[in-house]
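The next block holds one structure in the form of C-alpha cells; read it before the comments.
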Amino acid sequence: MTIPTHARKWGVRLFKVALFLLIGMGVGRALGNPEIYVNHEFASTVCNFIYGDVNAETSYDTYFYIDVLTVVSITTAFYLIFIILIRTAKSK
C-alpha cells in the first residue's frame, strides 16, 4: 500500500516542477531581452553597486541577473495563482 502512495506523491511533485518550468519558459519567452524592459540607468546603478565598475561585461551580467530575478518572481506569482485555482476547482 505504501508504494502507490509514494508514487502518487512523487508524481504530484514532478507535475508541480514541470508546471513551474513550463510557466517560467513562457514568461521568459514573453518578456524578451532585458535591455528592452530594464532602465539603463537602473542597471548601471545596480552594476556599480555589485561590481564597483560599469563596463560591457559587468553590464551584461547585471542585465542577466535582473532578468532571472524578474522571470522567477513573475513565474512564482503565476504558479501560485494557478495552484490556488486548481485547489478551488478541485474542492467544488
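Residue numbers count from 1 along this sequence. Excluded from the calculations below are hydrogen atoms, water molecules and symmetry mates; all remaining heavy atoms, backbone and side chain alike, are included.
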Is there a path of hydrophobic side-chain contacts, each under 4.5 Å between heavy atoms of I/L/V/M/F/W/Y residues, joining [Y] to [X]?
X	Y	value
Ile84	Leu19	no
Val68	Val27	yes
Ile74	Phe42	yes
Val71	Leu80	yes
Ile23	Val72	yes

Discussion item. Show every side chain to side chain donor-acceptor pair (under 3.5 Å) that has at least one partner inside residues 28-37, sequence neighbours left out.
Written reply: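 Side chain to side chain donor-acceptor pair (under 3.5 Å) check on residues 28-37 returns Tyr37-Asp67.
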
Discussion item. I need the minimum non-hydrogen distance between Cys47 and Val54, along with the two atoms involved.
Written reply: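 Shortest heavy-atom contact: SG-CA, 4.1 Å.
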
Item to complete: Provide the closest heavy-atom pair for Val46 versus Thr62 in the form atom of the first, atom of the second, distance.
Response: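 Looking at all heavy atoms of both residues, the shortest contact is CG1-CG2, 3.7 Å.
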
Nearest-0.5 Å distance, [atom1] of residue [X] to [atom2] of residue [Y]:
X	Y	atom1	atom2	result
Ile86	Ser91	CD1	OG	12.0 Å
Leu69	Ile66	CG	CD1	8.5 Å
Thr75	Met25	OG1	CE	10.5 Å
Lys90	Leu85	NZ	CG	14.5 Å
Lys9	Leu14	NZ	CG	16.0 Å
Phe82	Leu22	CZ	CG	10.0 Å

Item to complete: Could you pull out all residues at least two apart from Glu57 that satisfy side chain to side chain contact (heavy atoms under 4.5 Å, CB included)?
Response: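 Per chain and number, Glu57 pairs via side chain to side chain contact (heavy atoms under 4.5 Å, CB included) with Asn55, Asp61.
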
Worksheet item: In terms of heavy-atom contacts, does CZ of Arg13 have more than 12 from other residues, nucleotides or ligands at under 6.0 Å?
Response: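 Enclosed: over 12 neighbouring heavy atoms sit under 6.0 Å from CZ of Arg13.
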
Discussion item. List the residues meeting side-chain hydrogen bond (donor to acceptor under 3.5 Å, both in side chains) with Tyr63, not counting sequence neighbours, and say none if there are none.
Written reply: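 Tyr63: side-chain hydrogen bond (donor to acceptor under 3.5 Å, both in side chains) contacts with His40.
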
Discussion item. Any non-hydrogen side-chain atom of Thr70 less than 4.5 Å from a side-chain atom of Leu31?
Written reply: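 Yes; the side chains approach each other to less than 4.5 Å.
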
Practice prompt. Mind telling me whether Tyr79 and Phe20 have parallel, tilted or perpendicular rings, with 30° and 60° as the class edges?
Written response: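 The rings of Phe20 and Tyr79 stand perpendicular, inter-plane angle above 60°.
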
